[in-house]
Amino acid sequence: MLKIYNTLAREKQVFTPIIAGKVSMYVCGMTVYDYCHLGHARVMVVFDMVSRWLRVSGYAVKYVRNITDIDDKIIKRANENKETIAQLTQRFIHAMDEDSVQLGVIRPDIEPKATDFIEGMIGMISALVEKGFAYAADNGDVFYAVKNFDGYGKLSGKSLEDLRAGERVEVDTHKKDPMDFVLWKSVKPNEPSWDSPWGKGRPGWHIECSAMSSHHLGERFDIHGGGQDLQFPHHENEIAQSEAAHSHDGKSCQMVNYWMHNGFVRVDDEKMSKSLGNFFTIRTVLEKYDAEVVRFFILRAHYRSPLNYSDQHLDDAKLALTRLYTALRGHHMVSAEAIDWQHAQAARFKAALDDDFNTPEAMAVLFDLANEVNKTKSVAVAALLRNLAAILGLLQRDANEFLQGVGQVSNIQSNAVEMNQPFDSDVIDRKILERIAAKKAKNFAEADHIRKALAEAGIILEDTPQGTTWRRA
RNA sequence: GGCACGAUAGCAAAGCGGUUAUGCCGCGGCCUGCAAAGCCGUUUAGACCAGUUCGACUCUGGUUCGUGCCUCCA
């Protein structure tokens, strides 16, 4: 029985889908004006894990993750770069796709773009105006009248009074209430615009998600996710828009049953963000660390906890993942067979993920299984380890491929290249043969010398009854 | 200022009202020509102060500290 921490209720709740056997899930995706950073990676990986677990649990999942391809920052950046908005957004959508593939993220079922939904947004704004939840100001902007929506603040736990008291924004004189937010912005010079009943303009930020989620998932759906920072105002405003627009006879229709928010990635105990400038892009990190290590690092913490980024933590994650792959060495990939959920560890794994997606506990199961594989050499346990890890999107490579760093560049390896010592596998194999010969001749000094030389290039040799193997540090 | 969340061993990170979390590091042993890997064992916990309880890291209250949101942000 799956339980999910519902931000709306501030507690874990038993998950009951609207339609038995089906799950509709919407996640706020990226605004594509720059490369994705680790914070974005966390959203992608976390909700990828969530969708995988829902599917393994037997649900038919419809997973929608939007792309925001029109907003202030996009317009600004395109102007700075002297390129069109389409050129800019295409470029970064492509980069985002590359990053997510690297991180083992399965594509969402639908990735709607805001600019493809202008009509739907205009329709929704019109409905809001008709129902008295929105008004057009004399400058052509259309605002949402927050005080007309009873439940405003229910997601973020804020009251309108508190919000007004803490008001730090410059008051827009066109607004009736400082807390009102914009649905439609009137056109400005050098900005793209679309025709609307209120004149040329472009949509505000929040309306796109309301329009796209209801179009693809209906007026009411099961799960809505995103980063913690979207809780307010973005998600609060989505609720206000959707529930008011879909109200019938003055009765509002609940938009989302379960709201999920993932915690931040931090640097030096501070939120990683564009505005603070302390962010690391995914591709920067991938220059130094294997993508699976990054994925492992993300899933090693519970999705709602803060996740502190540092090289030390990535190094630690790499060593931990190495332990798992080491246990799988010699156990070749098996075709994914059905998992025996009666198995004690499998049951523990399931219980962990059913408990609000407790991936750290699920990981502990993987390590216990690795220990069992090391002790018993059981092929069945190794297969179970692999199949459970697959649910987290981990351990799907050949063990030696990971351990020997195929397709990745480690620091030490690049140093070796700089020293004109390309330690490719052929060279390593030859050195190993030389060392075996030395060992046979009882020339241990020579054998140790060879091993030491390789070690300095980051190649660790391991003698086993089956022969000598190697891996990269 | 308002609201919310958190504080676990050297580092990271979970569960749990009483029974080994887990990973990395450290230490001892086994194994090894020596290593590495692995296995076995092991040292470091639960911010502070009260309360509830036979018993609290786990529940309740308070204190302190930290982070986040209140403005674009995953």
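Letters A, B, ... are given to chains in the order of the sequence lines, protein chains preceding strands, and every chain is numbered from 1. Note that the structure is a prediction, hence the values are computed from the model and not measured.
Applying the side-chain hydrogen bond (donor to acceptor under 3.5 Å, both in side chains) rule to A:K113 yields no partners; only residues at least two apart in sequence or on another chain are considered. When the side-chain contact (heavy atoms from CB on, under 4.5 Å) test is applied to A:V101, no partner is found at least two apart in sequence or on another chain.
Residue contacts for A:S305: at a heavy-atom cut-off of 4.0 Å it reaches the sugar-phosphate backbone alone, with no base atom in range. Here A:F367 lies in heavy-atom contact (under 4.0 Å) with sugar-phosphate atoms only.
Spacing of C1' atoms, B:C40 relative to B:A47, comes out at 35 Å, to the nearest Å. Distance check on atom C1': B:C27 versus B:C65 gives 34 Å, rounded to whole Å. Annotation: B:G66 and B:G61 have their P atoms spaced 23 Å apart (nearest Å). Using C1' as the reference atom, B:U22 and B:A45 are 15 Å apart when rounded to the nearest Å.
When only modelled atom types and interatomic distance are considered, A:D162 and A:S159 share a side-chain donor-acceptor pair under 3.5 Å. A donor and an acceptor atom, one from each side chain of A:D268 and A:Y309, are nowhere located under 3.5 Å apart. Remark: the A:T68 side chain and the A:E208 side chain contain an N/O donor-acceptor pair separated by less than 3.5 Å.
In this structure, A:N81 contributes its side chain and A:L88 its backbone to no donor-acceptor pair below 3.5 Å. In this structure, A:R295 contributes its side chain and A:G104 its backbone to a donor-acceptor pair below 3.5 Å. In this structure a side-chain-to-backbone donor-acceptor pair under 3.5 Å is present from A:Y258 to A:V14. Here the side chain of A:R386 pairs a donor or acceptor atom with the backbone of A:H331 at under 3.5 angstrom.
Atoms CD (A:E361) and C1' (B:G23) sit 13 Å apart, rounded to a whole Å. Between the CZ atom of A:F297 and the P atom of B:A14 there is a distance of 12 Å, rounded to whole Å. Put simply, NE2 on A:H40 is 4 Å from P on B:A74, counting in whole angstrom units. Here B:C24 presents its C1' atom at 13 Å from CG of A:L314, a figure rounded to the nearest Å. For the pair A:L307 CG and B:G23 P, the computed distance is 20 Å after rounding to whole Å.
Salt bridge A:K318/A:E292: absent, no basic N to carboxylate O contact under 4.0 Å. Using a cut-off of 4.0 Å between Lys/Arg side-chain N and Asp/Glu carboxylate O, A:D316 and A:R300 are scored as salt-bridged. Salt bridge status for A:R107 with A:D97: present, with a side-chain N to carboxylate O gap under 4.0 Å.
Considering only side-chain N and O atoms, A:K439 lies nowhere under 4.0 angstrom from the phosphate OP1 or OP2 of B:C34.
Nearest heavy atoms, A:I70 versus A:P192: CD1-CG, 3.6 Å.
The residue among A:G39 and A:R10 whose nearest nucleotide of RNA chain B lies closer to the 5′ end is A:R10. In terms of position on RNA chain B, the residue among A:D355 and A:R300 whose nearest nucleotide sits closer to the 5' end is A:D355.
Ring planes of A:Y144 and A:F149: perpendicular class, angle over 60° (limits at 30 and 60°).
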Hey, what are the protein-to-nucleotides 8-11 of chain B N/O distances that come in under 3.5 Å?
{"from": "B:C11", "atom 1": "O2'", "to": "A:Q312", "atom 2": "NE2", "distance (Å)": "2.9"}

### Task
Sugar-phosphate means primed atoms, P, OP1 and OP2; the rest is base. With that split, encode nucleotides 38-44 of chain B 5' to 3' as B, S or - using protein heavy atoms under 4.0 Å.
SSS----

### Query
Pairing of RNA chain B as dot-bracket, 5' to 3': ( ) intra-strand, [ ] crossing, | other strand, . unpaired, with Watson-Crick or G-U pairs under 3.5 Å?
(((((((..(((.....[...))).(((((.......)))))....(((((..]....))))))))))))....

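Taking a 4.0 Å limit (strictly below) on heavy-atom distances, residues 226-237 of chain A reaches RNA chain B at A:G226, A:G227, A:D229, A:L230, A:F232.
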